[in-house]
Amino acid sequence: MKSVTLILISLLPAGIAAAQVSVKEDSLRTVVLREVNVSARQKTQQQHLFQFFRANRSATSEDVLSRLPEISMVRRGNYGMEPVIRSYNSGQVNLLLDGMRIHGACTDKMDPASIYIEPANLQSIEVRTTGGSLLNGSSLGGSINMKLAEASCHGSCCETGATFSGSSNTGFHSASRAFFQSLNLNYTTQKWGIAATGTYRKAGNYRDGSGHRVQFSQYEKVNYSLHGKFLLNYNTYLKVDLLADDGWNIGYAALPMDVGYANARIGAVSLVQENIPGGWRKIEAKLYANQVKHYMDDTHRPDVPMHMDMPGKSRTSGFYLEGTKSIGQRQSLTLRADASLTRLVASMTMYQEGQSPMYMLTWPDNRQRQTGVAAQYALQLDSLTQLQISARADYADFGLTTAMGKDQLAVFGYDNSQAHFFIPSVSAQLSRKLHRNLKATASLGFNGRTPTASELYGFYLFNQFDMHDYIGNPGLQQETAQQAELSLTWRKSKWKVQASGYVSRVNHYIMGVYDHSLSMMTIGARGVKRYQNLDYAILTGGEGSVMYQPFPKTQVVSVLKYAYAQNKEGDPLPMIAPLRNITNIRQHLGKLWLQGEMETAAVQRHVSEAANERETGSFQLFHFRLGYNGQLNNIPWQLNGGVENIFDAYYREHLDWGNIGRPGRNFFLQFGISF
């Protein structure tokens, strides 16, 4: 027995070794799972609206913006409309491109940054009002951040092959005999991806509702971009964005001059890290630079009393670093630091017959340095209540950089051209769920903004709207505002409803004031205004949107907005839009969808006599759109078409400069394929 035991003990190691061998030779595969992070972001009402209105693939960025509840558009021509938030003009809001600051190069605001972006470049449009925009910069009206579409890469061990995809669209609009063509290409691998887009648009003079061609409303442009994304490791990637836009022969029917060319060159490099140990959800660092050139042109205008050349140029470079950290289960903190440097110059050369050309700087060479830090803290007080506190501090200094600019400004007695501003801002927002489907949000804020380069240094800038030359004032104070807002959101299975009301008191309101001691320079001008700080102005109003889905394939979307504004004396402020509504109903029938749309605007009689503003009448428009999604030999294709302003109504909106009618009946057709 003992010998048997010894034999078994001696065989045991061999048995174990044999067992190990058998494990190694097991036919079952060993799969090592990597950590998978699943996250979801709830879409805001704005994102739903953005996706809905972008379904019209021939729409421009301006078309999409004009339909959002908080935004109205100032129109000086058929191109280059200026977005304003709740009646706050472009100097009072931050218009950003993917977090980057970009300044137009036109003294007449013909080139807001939004014209250099096509819907093909965009992933989303983020509109923030009052205190909710402090991370993006100091402003009174809020911010519009146009987020660029990103290239993609698999980033998964399950997908190892490279993929190539793309789409192409072409379309035609009858009212302006406009043609557009766009092409998107994407190449994606496991580690990196690259996306390229190109869009070409050409429009002639459009026909208004009375059948007349509106002269000087044409334009032509090309836009192209390149986006790259490189996965450095599972949670970190490098992103490169390059974007260029060239426009030429751009008419501005409401202005005395057109635009010979306008171009932008925009570049950025970003490093993004997500799901970082220690509670940081995301950290992003971006370095960027852009340049805009703009050249006004009057050579195609008849009966010009004196030919003028008016070029302008802006250069901006900057960076930002932003990170969001979770603190336990109920708190989060976002920190941001940013800085930028902008240089602006614009000039005018007048050619008077029989005399030597006369040259002057309309924007004397000037620079603006801005540095800011911001924090946003969110606390989930209980299952129903959330508190959010935001704070920001900005320091900005302005200055002229050439002796000629300083000498020119000294004509008006300004010995010191330097201007320094420190702007603290803070806001608190409390959200509470009042009912299973109803949430209320109340916010209070204090913020400010610096004067613009035109308001500080502008030199005889002619404003066609009120027919006055404008002079800058380096002694201006910054505007500050106390603001309050209340929003209600109702969400149920078929409903998404949001309504907001707001009121703001703007102290040291900046406005041009008639100066009888100065003589105008522009032929035909009614006088000269100098920018001054008024005591205060009150801006109030509200907006709302409804998204209703009564049946699985039926959508109803309606947007309503209203604003009211006056100064200390009770006089109306200029450029305030009246009550306006846009209502859509879209029905899906298999691969076909049909959409009816109604636009309504009320009469505006609350106008500014000081700005020589005119009343505008009410109007009601009807549009019809349709789309069909097909497939041929495994190639998906889409057909979109319709007619806008079906009854060929003659109309103009209150924010349109001049007595220029908008386009009449317009048939459009768009065809696209995906591959």
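In summary, D208 and R652 do not engage in a salt bridge, as defined by a charged side-chain N under 4.0 Å from a carboxylate O. Look at R449 and E455 and you find a salt bridge, because one of the NZ, NE, NH1 or NH2 atoms lies within 4.0 Å of a carboxylate O, short of that distance. Remark: R86 engages E485 in a salt bridge, criterion side-chain N to carboxylate O under 4.0 Å.
Around the CD atom of E353, the shell of radius 6.0 Å holds no more than 12 heavy atoms that belong to other residues, nucleotides or ligands. The local environment of NE2 in H212 is sparse, with at most 12 non-hydrogen atoms from other residues, nucleotides or ligands closer than 6.0 Å. No more than 12 heavy atoms of other residues, nucleotides or ligands lie within 6.0 Å of NZ in K293, so this atom counts as exposed by the packing criterion. Counting heavy-atom neighbours within 6.0 Å of Q418 CD, excluding the residue itself, gives a total above 12. Residue-environment remark: CZ (R662) exceeds the threshold of 12 foreign heavy atoms within 6.0 Å.
Residue D246 forms a salt bridge (charged side-chain N to carboxylate O under 4.0 Å, His left out) with just one option from R265, R201, K221, and that option is R265.
Using cut-offs of 30° and 60° on the angle between ring planes, the pair F412 and Y460 is tilted. Using bins of under 30°, 30° to 60° and over 60° for the plane-to-plane angle, the ring pair H468/Y514 lands in the perpendicular bin. Using a 30° and 60° split on the angle between ring planes, Y295 and Y261 fall in the parallel class, below 30°.
Listed by chain and residue number, nothing satisfies the ring-ring contact (aromatic ring centres under 6.0 Å, His included) test with F462 (two or more places apart in sequence, or in another chain). For Y502, there are no ring-ring contact (aromatic ring centres under 6.0 Å, His included) partners at least two apart in sequence or on another chain.
Defined by atom type and a distance below 3.5 Å, a donor-acceptor pair is present between the side-chain atoms of Q92 and E479. No side-chain N or O of S143 forms a donor-acceptor pair with one of N145 less than 3.5 Å apart. Between N447 and Q483, the side chains place a donor N or O and an acceptor N or O closer than 3.5 Å (distance only, hydrogens not considered).
The side-chain tip of R505 points at the ring of Y536 from less than 6.0 angstrom away and within 45° of straight on. In this structure, R301 is positioned above the aromatic face of F216, its NZ or CZ under 6.0 Å from the six-membered ring centre and within 45° of the axis.
Put simply, the side chain of E62 gets close to the backbone of M81: a donor and an acceptor are under 3.5 Å apart.
Checked against the 6.0 Å centroid threshold, F421 and Y395 do not count as a close aromatic pair.
Interatomic distance, NE2 of H103 versus CG of L95, reported as 10.5 Å (0.5 Å rounding). With rounding to the nearest 0.5 Å, the separation of CZ in R343 from NZ in K313 is 11.0 Å.
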